[in-house]
Amino acid sequence: MAAVSPGSGSGPLEILTRPVLEAAPRLLGATLTLGGVTLRLTEVEAYDGDNDPGSHANRGRTERNKVMFGPAGHLYVYFTYGMHHCCNVSCGPQGTASAILLRAGEVIDGLDTARARRPKSSDRDLARGPGRLCKILGIDREDDGLDLSEVLHLGPALDDISTGPRVGLRLAADRPWRFWITGDPTVSRYVAAKPRPGTRTAQPRR
DNA sequence: GTGGGGATTTACT
DNA sequence: GTAAATCCCCACA
């Protein structure tokens with residue numbers, strides 16, 4: 001058994017050591033098996049910490065985002081809005097702080113387990129959105145830093161991929177760094193970031 | 001030590 | 001459509 005060492009050169013996840021904008025679309029169609037559920041990824045977003053005001057890594061390495069600064073092919077999990085987890089795959093050449101947010105997927109195995117974790121959800125909505133995706137895979141902060149080399153399996157490059165702006169960001173909201181499988185029903189809906197209360201909208205007065 | 005903000009989801013009108 | 005829920009992280013004093 002050859003031990004696969006992510007980020008060390010060759011191996012099934014070698015693509016993740018490429019720059020994030022190359023690696024991100026290649027995650028579409030990949031399968032991820034965690035917590036007894038297998039997901040086919042349908043929507044991701046790229047975050048480039050060295051060059052991206054919208055990334056958690058933009059202000060340097062901290063205790064929370066340290067996984068993004070580590071080798072490619074590991075899970076970066078963070079907690080947000082007081083109730084949800086979101087998960088990313090670290091990627092990029094060693095020394096860069098890039099990651100790919102997993103936004104949506106289609107459950108292809110462990111459907112009963114996934115349904116039990118989100119009883120009120122239709123099958124299509126089980127992993128439609130980053131918080132939901134983490135929920136049905138049973139991901140929480142305990143999984144931060146997890147080595148994905150044995151649970152993430154890439155498929156062939158897909159032809160029909162769409163791109164657009166990332167969801168929910170106030171900073172760098174114009175960068176088309178969101179990738180999804182064109183026409184897939186499990187892709188989440190685009191929602192622009194909420195303007196801050198007290199902040200005037202860009203509408204001209206008078 | 002304190003305060004502001006967030007890569008979201010859900011329920012309700 | 002709008003609003004509330006609710007914890008952690010980070011910057012600053």
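As the structure is a computational prediction, the values presented were derived from the model and not from experiment. Residue numbers start from 1 in every chain, and the chains themselves are labelled A, B, ... in the order their sequence lines are given, proteins ahead of strands.
- Rounded to whole Å, the distance from CG on D125(A) to C1' on dA11(B) is 15 Å.
- Comparing L101(A) and K120(A) along DNA chain B, the residue whose closest nucleotide (by nearest heavy atom) sits nearer the 5' end is L101(A).
- Within the 3.5 Å criterion, the main-chain N or O of R141(A) finds no donor-acceptor partner in the side chain of D144(A).
- Here the C1' atom of nucleotide dA7(B) and the CG atom of D48(A) are 15 Å apart, to the nearest Å.
- When each of G131(A) and T80(A) is assigned the nucleotide of DNA chain B bearing its nearest heavy atom, the one mapping closer to the 5' terminus is T80(A).
- Put simply, NE2 on H84(A) is 9 Å from C1' on dT6(C), counting in whole angstrom units.
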- [ ] Dot-bracket for DNA chain C, please, read 5' to 3', with Watson-Crick or G-U wobble pairs under 3.5 Å on both distances, ( ) within the strand, [ ] crossing, | other strand, . unpaired.
- [x] |||||.||||||.
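- For dT8(B), its base sits under 3.5 Å from the side chain of K194(A) at one donor and acceptor pair at least.
- With hydrogens and angles disregarded, no donor-acceptor distance shorter than 3.5 Å links the side chain of D48(A) to the backbone of T96(A).
- The salt bridge (charged side-chain N to carboxylate O under 4.0 Å, His left out) pairs that include a residue from residues 151-169 of chain A are D52(A)-R166(A), where partners are two or more places apart or lie in different chains.
- Rounded to an integer number of Å, the gap from L169(A) CG to dA7(B) C1' is 5 Å.
- In this structure, R189(A) places its CZ atom 12 Å from P of dT9(B), rounding to the nearest Å.
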TODO: Summarise how protein sits on nucleotides 8-13 of chain C as a single string, 5' to 3': B when a protein heavy atom is under 4.0 Å from the base, S for sugar-phosphate-only contact, - for no contact.
DONE: SSSS--
Acceptor/donor pairs from residues 21-30 of chain A side chains to any protein atom, 3.5 angstrom cut, sequence neighbours excluded:
{"residue": "E22(A)", "atom": "OE1", "partner": "R18(A)", "partner atom": "NE", "Å": "3.1"}
{"residue": "E22(A)", "atom": "OE1", "partner": "R18(A)", "partner atom": "NH2", "Å": "3.4"}
{"residue": "E22(A)", "atom": "OE2", "partner": "R18(A)", "partner atom": "NH2", "Å": "3.3"}
{"residue": "R26(A)", "atom": "NH2", "partner": "G155(A)", "partner atom": "O", "Å": "3.0"}

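- Separating the NE2 atom of H85(A) from the C1' atom of dC7(C) is a distance of 10 Å, rounded to the nearest angstrom.
- Each ring pair (Phe, Tyr, Trp, His ring centres under 6.0 Å) pair with one or both residues in residues 17-56 of chain A, not counting sequence neighbours, appears once here: H56(A)-Y78(A).
- For the OP1/OP2 pair of dT8(B) and a distance below 4.0 Å, the side-chain nitrogens and oxygens of R103(A) include at least one atom meeting the criterion.
- Using a 4.5 Å cut-off between side-chain heavy atoms of Ile, Leu, Val, Met, Phe, Trp and Tyr, with links allowed through other members, L148(A) and Y76(A) fall into different hydrophobic clusters.
- Contact of Y81(A) with dA5(C) (side chain to base): no donor-acceptor pair of N or O atoms is detected under 3.5 Å.
- A continuous path of hydrophobic side-chain contacts links L41(A) to I161(A) [ILVMFWY only; heavy atoms under 4.5 Å].
- For R170(A), the listed nucleotide lying nearest its side chain is dG5(B); candidates were dT9(B), dG5(B), dA7(B).
- Within the structure, the side chain to side chain donor-acceptor pair (under 3.5 Å) test picks out the following pairs touching residues 29-42 of chain A (sequence neighbours left out): T33(A)-T38(A), R40(A)-E106(A), T42(A)-T186(A).
- One interatomic measurement links the two molecules: OH of Y76(A) to P of dA7(B), which rounds to 9 Å at whole-angstrom precision.
- Rounded to whole Å, atom P of dT8(B) lies 15 Å from atom CD1 of I139(A).
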Open item on the list: Go through it in stages, so that I can follow the logic: the residues are D123(A) and R115(A), the test is salt bridge (charged side-chain N to carboxylate O under 4.0 Å, His left out), and I'd like the CA-CA distance, side-chain angles, deciding distance and then a yes or no.
Closed with: CA-CA 7 Å; D123(A) 286 354; R115(A) 285 173 177 152; 2.7 Å; yes
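- R118(A) comes within 4.0 angstrom of the backbone, heavy atoms only, and of no base.
- Note: L126(A) CG to L133(A) CG = 10.5 Å, rounded to the nearest 0.5 Å.
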